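Okay, structure first, notes after.
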Amino acid sequence: MKRDLISKLVDMMCDATVYALTGAGISTESGIPDFRSPGGLWEEVDPMEYLSREALQRRPRKFWGFLRETVRPISDAAPNAGHRALAEMEKLGYIEGVITQNIDNLHQQAGSQNVLEVHGHLRTAHCTSCESVVSLQKAFDQIQGEDVPACDQCGGDLRPDVVLFGDQMAADFQTAVDAARQTDMVLAVGSSLSVSPANMLAVNAPRLAIINRTATACDSLADIVIHGNAGETLQAVVEEMRRR
Ligand code: NAD
């Protein structure tokens, strides 16, 4: 464990207003594959082909079936040490909150209060005609044979409240941009920082720290880079915070 880097990171965070920016890598230790690591989802299929707005419109049966299979490991997952450490940092006053690219709800389950979900979430779906909202599970329950989920109010098409390739960003993204403007520092964790526009929150941060297992697209811009697992590294960071 790189003690000197951890101590330097805590020094930086002491004097700054900080948001954490998390990606799929913080949840791999909860058993949810990321997209780009070896063995990640991207290796098996091209999510752009299956989880896009166009796929939902053109091949809804295939879209809903793929979505249900993709989210199965997410519904079974529990928060890990990394999620819990970020929740504790918020309680200790070291971070304002978490901006997450994830859709797995694990920050909330770990106790984080201020969570901005820039790519939406998997809790609900809504009707594209009358805007009625239903639980995503209820929509999944309607998938049978050739049937795809439909609104029980008006019969319109349902869509999940997650940002698909080809969609605009979720409303939380604008809130995150506004929050980032008031922020001195971003602590990016478990993200390749290659997905735009979410990665702009890291690119434009006055100060940037990165915790990631492998090199990211923004390492050369960062003030501190710690290559390691999110769980043990964040746990060590929060232990250092508690000691101070
Ligand atoms: P990514 O797959 O592009 O990058 C993940 C990064 O995390 C990689 O650089 C990898 O080396 C690193 N990593 C993996 N496990 C790690 C660990 N235990 N500790 C530290 N680093 C680790 O993910 P991204 O940048 O978030 O972009 C992918 C997009 O896919 C996101 O926008 C997100 O919406 C979506 N996604 C979400 C989930 C989820 O909700 N859990 C899972 C897969 C994909």
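Any value given below was found using the heavy atoms of this structure, including those in side chains, with hydrogens, waters and symmetry copies removed. Counting starts at 1 for both ligands and their atoms, in listed order. Predicted model, so just to flag it, every value in this text is computed and none were measured.
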*For ligand 1, which part of Glu29 has a heavy atom less than 4.0 Å away: the side chain, the backbone, both, or neither?*
side chain

*What pair of heavy atoms forms the shortest contact from Leu9 to Ala209, and how long is it?*
CD1-CB, 3.5 Å

*Residue pair Val98 / Ser112: nearest heavy atoms and the distance that separates them*: CG2-OG, 4.0 Å

_Geometry only, no angles: is Ser194 polar-contacting ligand 1 at N/O separations under 3.5 Å?_
no

*Per-atom contacts of ligand 1 with Ser192, taking only distances under 4.0 Å to non-hydrogen atoms*: 1 (P), 3 (O), 4 (O), 5 (C), 6 (C), 9 (O), 25 (O)

*Give a yes-or-no answer on whether the side chains of Thr216 and Asp219 include a donor-acceptor pair shorter than 3.5 Å.*
yes

*asked:* Can you name the atoms of ligand 1, numbered from 1 with element, that are less than 4.0 Å from a heavy atom of Asp104?
replied: 39 (C), 40 (O), 41 (N)

*Which atoms of ligand 1 have any heavy atom of Gly23 under 4.0 Å away?*
26 (O)

*Taking both backbone and side-chain atoms of Ile103, is any N or O found less than 3.5 Å from an N or O belonging to ligand 1?*
yes

*Heavy-atom contacts with Gly190 under 4.0 Å: which atoms of ligand 1 show up? List them by number with element.*
5 (C), 6 (C), 7 (O), 21 (N)

*Tell me which one of Gly31, Ala198, Gly120, Ala24 gets a heavy atom nearest to atom 36 (N) of ligand 1.*
Ala24

*Select one of side chain, backbone, both or neither to describe which atoms of Gln101 lie under 4.0 Å from any atom of ligand 1, heavy atoms only.*
both

*Consider ligand 1: state whether an atom of it lies below 4.0 angstrom from any non-hydrogen atom of Thr216.*
no

_Under-4.0 Å heavy-atom contact with ligand 1, by part of Pro33 that carries it_ = backbone

*Atoms of ligand 1 close to Gly25 [distance to a heavy atom under 4.0 angstrom, numbered from 1]*: 5 (C), 7 (O), 13 (N), 14 (C), 15 (N), 16 (C), 17 (C), 18 (N), 19 (N), 22 (C)

*For ligand 1, which atoms have a heavy atom of Ile32 less than 4.0 angstrom away?*
41 (N)

*What are the atoms of ligand 1, with element, lying closer than 4.0 Å to any heavy atom of Ser27?*
41 (N)

*Do Gln182 and Glu96 have side-chain heavy atoms sitting under 4.5 Å apart?*
no

_As a test of understanding, state which of Asp104, Asn105, Leu106 forms a side chain to side chain contact (heavy atoms under 4.5 Å, CB included) with Asn102._
Asp104

*Give yes or no for whether the N/O distance cutoff of 3.5 Å, strictly under, is met between Val195 and ligand 1.*
no

*How does Asn102 reach ligand 1, if at all, at less than 4.0 Å between non-hydrogen atoms: by side chain, backbone, both, or neither?*
both

*Only one of Glu90, Met185, Glu88 clears side chain to side chain contact (heavy atoms under 4.5 Å, CB included) with Ile95; which?*
Glu90

*Would you call Leu67 and Pro160 a side-chain contact if the rule is heavy atoms closer than 4.5 Å?*
yes

*asked:* Less than 4.5 Å apart, side chain to side chain, heavy atoms only: is that true for Val238 and Tyr94?
replied: no

*Flag the pair Asp178 and Arg181 as a salt bridge only when some basic side-chain nitrogen lies within less than 4.0 angstrom of an acidic carboxylate oxygen.*
yes

*Part of Thr214 within contact of ligand 1 (heavy atoms, under 4.0 Å)*: both

*Check: Arg123 and Gln108 side chains under 4.5 Å, non-hydrogen atoms*: yes

*Taking all atoms of both residues into account, what is the closest heavy-atom pair of Val163 and Val118, and its distance?*
CG2-O, 3.9 Å

*Atoms of ligand 1 less than 4.0 Å from Gly228 heavy atoms?*
19 (N), 20 (C)

